[in-house]
Every structure is written in structure tokens, then in C-alpha cells.
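Read the structure below first, then the notes.
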Amino acid sequence: MAIADPVTRGTVTPGTVTPGTVFPDTVFPDTVTPRSGAILDWYAAHQRDLPWRRPDATPWAVLVSEIMLQQTPVARVLPVYAAWLARWPSPASLAASPAGDAVRAWGRLGYPRRALRLHATAQALVERHGGQVPASADALRALPGIGSYTAAAVASFAFGQRHAVLDTNVRRVLARLVSGRELPSASPSAAERRLAESLLPEPPAVAARWSVAVMELGALVCTAARPRCASCPVAASCAWRRAGHPADGGPRRTQKYAGTDRQCRGRLLAVLRDCAGPVPGSQLEAAWADQLQRSRALDGLVADGLVDPLPDGRFALPGTHPVPGTH
DNA sequence: GAGACGTGGAC
DNA sequence: TGTCCAAGTCT
């Protein structure tokens, strides 16, 4: 008789299978293969205890974590995440606050437009989804700041659905393990998406767990630099390792930061964030010497909705100060 | 599809 | 010290 253990072994028949036996991944189509089983086992033993992975994490909490984690290290997210959910435990609570409060609470996480979009998403959830986070990946994808990765991640991790979750970690693991390349391409291809879907275990709950397991493997073991192959549960079947760890193509374009508009925007917004109320233009002038660049950056911040220009010439975080004639 | 968009820790 | 890098999205 067959025994179904969806989390670790798939469907096996006692007497015909011994633990640790190596099969090609085609032996158990539509179930959990030995390779994915090895990753699931590794995850069970080595996963980090992160607040958004705990059973009491709400879909809203998972959504908040996914937005904060975009391009941002876990260690820097943790304290902001905790403070954010303590203050805004539901979409409705965030929607009821001014957007500028969200930008201020975002602190120095970076890419503050994420705070603005998360606030807009909270409002959309109240207006169109009864204040709830939708379980549908398509509905999630339609929300501001939520792209294909985040939609799949929330549908998987908050609702236990079966979606290919293609973040940079998963893409790097698959590039090495299956394609024998050191690094993934600049953006996910259709072939990559098909590959990720083909590797997904069939039961939705197992697929969701597998996705987070591969992400964790990429974050802790199969890292971009100095991968810890000696600690990897699937090193034996890794195409990149078997090929001798060939280095990927040419020079990666390194993005400058010092002296850019980006840095200037960051400085200006930091002044607004660290002041309780509106600030005069003179205070912003002190934050950046180059007048032309400062003016351009400030215009950009206003255009993005991150800064409100007040009639008296001062500047404020959005929605934190009444602007006459806007309603 | 290339470029814009923050920030700070690690090596 | 400078470069690389971290659970992407939008235009």
C-alpha cells in the first residue's frame, strides 16, 4: 500500500524505497521528488525563526513583510516591521492614517515609494476588498507596489496556494542547480517560469513550503557570493557545481550612488522625516549644496507624492498638513 | 528593456 | 576604500 507523506517524501511504497535512495526526478511525477524532499528537509532543520513565518502572522502581516523585504536585508526589516504592525495591525488602520505617517514610519528602509504604495494598497483593500487582503494572485497583482513576485509570495505564504515564486534567491538556486549557471539573467524568462512551475510539488501547501524553502536556501547557503556548497543539501545534483563553478559572464554594471539624484532625494526626505512638522525651504537647502540638483530632486519627490509643497513655501510629508483648496 | 529608485553592512 | 549586494516594481 502507498503511504502519502506530502511534506517530505511524496508517495512511496514500503519495501521498494529506502530513505536516501537517489531517483531521477521523473520517478515520482506530480509529487515530491527526492531533490525537493532534500530541500524541504533542510528547511525544516535550518529555517530562521522570522515573525512573518509564524502561524499567527496574518495575511496583512505577510503582505507588509514582503513589501519591506523588497531589495532590503532581513535584519534591517525586523524592527520596522514590528513597529509597523504594532501601529497598523490591519489595512483599515493604515488607511486611516495620513500617507506621510507611513513614509515617516518607513524610516531608513530605502525606496520610500514602497511606503506610499503600501498605504495606497491599504486604502484599496478598504475600498475594494472589505478591508481584507485578497487570496487571489491576480487581485494582489492589481494592487499598487505588488508585482508578480509579491503577488505569488503572498498567495503562497499567506494563503497556502501553489504558485511559482520567482525572487532573486529562487532564480539563483535554479540557475545553479538546474541550468549550471552562476547567476540568473537580468529578468525572469518564460522558460525560467516554466521550469519553476515544473518543480513545484503538487499539493498546494507543500508547494508553498517548497518555495519558501528554496528562498531560504538561496539566502543562507546558495548565496550570490561565496556559496556554502559544503552545507548544501542538493550539492550532489547541482549542475553548476558539477561543471566546476564556472564564473558567469562579463562585468556587472555597478550603480553609482554618491552624488546622484537618488542620494539627494534621500537627504531631503530624511530632513522631512526627522522633523515633526513642515520645514522651510531653507532647511532643505542646507541638506544639499547643489542648487540645481536639489531643485530637481525636490520636484521629483513632489511629483512622486512623497512631499507636499505648502502654500506658505514650506514642505511637509504627504497628508500630514492641511493644504487649502485640495478638496 | 534599460534605467530610476535608498540604504547600510560586509569584505 | 570602493565595490557588491539585499524577498522588486514601475515606466
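A note on names: the letters A, B, ... follow the listed sequences, proteins ahead of strands, and every chain is numbered from 1. Basis for what follows: all heavy atoms, side chains included, without hydrogens, waters or symmetry-related copies.
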Task: For atom CG of L166(A) and atom C1' of dA7(C), their distance in whole Å - done: 12 Å

Task: Spacing between Q71(A) atom CD and dG3(B) atom C1', to the nearest angstrom - done: 13 Å

- [ ] May I ask you to verify if any side-chain N or O of Q70(A) is less than 4.0 angstrom from the OP1 or OP2 atom of dA7(C)?
- [x] no

TODO: Mind checking T168(A) for me? I need base, sugar-phosphate or nothing, with any heavy atom below 4.0 Å counting as a touch.
DONE: sugar-phosphate

Open item on the list: Under the side-chain contact (heavy atoms from CB on, under 4.5 Å) test against Y149(A), which residue among V165(A), V154(A), L166(A) passes?
Closed with: V165(A)

- [ ] Between L143(A) and T72(A), name the one whose nearest nucleotide on DNA chain C is closer to the 5' end.
- [x] T72(A)

TODO: Output yes when at least one side-chain N/O atom of R296(A) is less than 4.0 Å from OP1 or OP2 of dA4(B), else no.
DONE: no

Open item on the list: Please tell me if R117(A) has a side-chain N or O lying less than 4.0 Å from either OP1 or OP2 of dC5(B).
Closed with: no

- [ ] Remember a base hit wins even if backbone is also touched, and classify T260(A) as base, sugar-phosphate or nothing at under 4.0 Å, heavy atoms.
- [x] nothing

Open item on the list: Looking at dT3(C), I'd like to know if its phosphate oxygens (OP1 or OP2) sit under 4.0 Å from a side-chain N or O belonging to K256(A).
Closed with: yes

Open item on the list: Other residues, nucleotides and ligands only: do more than 12 of their heavy atoms fall within 6.0 Å of CZ on R54(A)?
Closed with: yes

Open item on the list: Pick the closest DNA chain C nucleotide for P144(A) and for M215(A) by heavy atoms, then say which residue is nearer the 5' end.
Closed with: M215(A)

Open item on the list: Does either side chain, that of T72(A) or that of R114(A), offer a donor lying less than 3.5 Å from an acceptor on the other one?
Closed with: yes

Open item on the list: I need the CZ-C1' distance between R171(A) and dT9(C), as an integer number of Å.
Closed with: 14 Å

Open item on the list: What contact category does W52(A) fall into here, base, sugar-phosphate, or nothing, at under 4.0 angstrom with non-hydrogen atoms?
Closed with: base

- [ ] State which of dA6(C), dA7(C), dG6(B) makes the closest approach to the side chain of R262(A).
- [x] dG6(B)

Task: Nearest-angstrom distance from the residue atom CG of L78(A) to C1' of dA7(C) - done: 13 Å

Task: Pairwise distance OG(S211(A)) to CZ(R209(A)) - rounded to 0.5 angstrom - done: 12.0 Å

- [ ] Using the rule that two of Ile, Leu, Val, Met, Phe, Trp, Tyr join whenever any of their side-chain heavy atoms come within less than 4.5 Å, decide whether L109(A) and L317(A) are in one cluster.
- [x] no

TODO: Let me know, please, whether R226(A) or R267(A) comes out on the 5' side of the other along DNA chain B by nearest nucleotide.
DONE: R267(A)

TODO: Rounded to the nearest angstrom, tell me the gap between atom CD1 in I67(A) and atom C1' in dG8(C).
DONE: 9 Å

Open item on the list: Distance alone, cut at 3.5 Å: any donor-acceptor contact between the side chains of R171(A) and S185(A)?
Closed with: yes

TODO: Looking at every strand, decide which applies to R53(A) at a 4.0 Å heavy-atom threshold: base, sugar-phosphate, or nothing.
DONE: base

Open item on the list: Applying a 4.0 Å non-hydrogen cut-off, can you work out what T150(A) is touching in the nucleic acid: base, sugar-phosphate, or nothing?
Closed with: sugar-phosphate

TODO: Report yes or no: is there a donor-acceptor pair, N or O only, under 3.5 Å between the side chain of R76(A) and the base of dT7(B)?
DONE: yes

Open item on the list: Any side-chain N or O of R114(A) below 4.0 angstrom from OP1/OP2 of dA6(C)?
Closed with: no

Task: Gap between atoms OH and P, on Y111(A) and dG8(B) respectively (whole Å) - done: 13 Å

TODO: Among the candidates dC5(C), dG8(C), dC5(B), find the nucleotide nearest to the side-chain atoms of R265(A).
DONE: dC5(B)

Task: Interatomic distance at P, dC11(B) relative to dA7(C), whole Å - done: 15 Å

Task: C1' gap between dG8(B) and dC10(C), integer Å - done: 24 Å

- [ ] Look at the side chain of L69(A) and decide which nucleotide, out of dG6(B), dA7(C), dA6(C), has an atom nearest to it.
- [x] dA7(C)

Task: Integer-rounded Å distance: dC5(B) C1' and L306(A) CG - done: 10 Å

TODO: State which of dA7(C), dC10(C), dG6(B) makes the closest approach to the side chain of Y257(A).
DONE: dG6(B)

- [ ] Take the protein atom OH of Y149(A) and the nucleotide atom P of dC10(C), then report the distance between them rounded to whole Å.
- [x] 14 Å

TODO: Using modelled atom types only, decide if a donor and an acceptor are shared between the side chain of R176(A) and the backbone of E182(A) within a distance under 3.5 Å.
DONE: yes

Open item on the list: Taking any heavy-atom pair under 4.0 Å as a contact, classify R108(A): base, sugar-phosphate, or nothing.
Closed with: sugar-phosphate

Task: Nucleotide nearest N169(A) (side chain, heavy atoms from C-beta), chosen from dA7(C), dC5(B), dC10(C) - done: dA7(C)

TODO: Map S187(A) and R113(A) onto DNA chain B by nearest heavy atom, then report which one ends up closer to the 5' terminus.
DONE: S187(A)

- [ ] Describe the nucleic acid contact of I146(A) in one word from base, sugar-phosphate, nothing, applying a heavy-atom distance below 4.0 Å.
- [x] sugar-phosphate

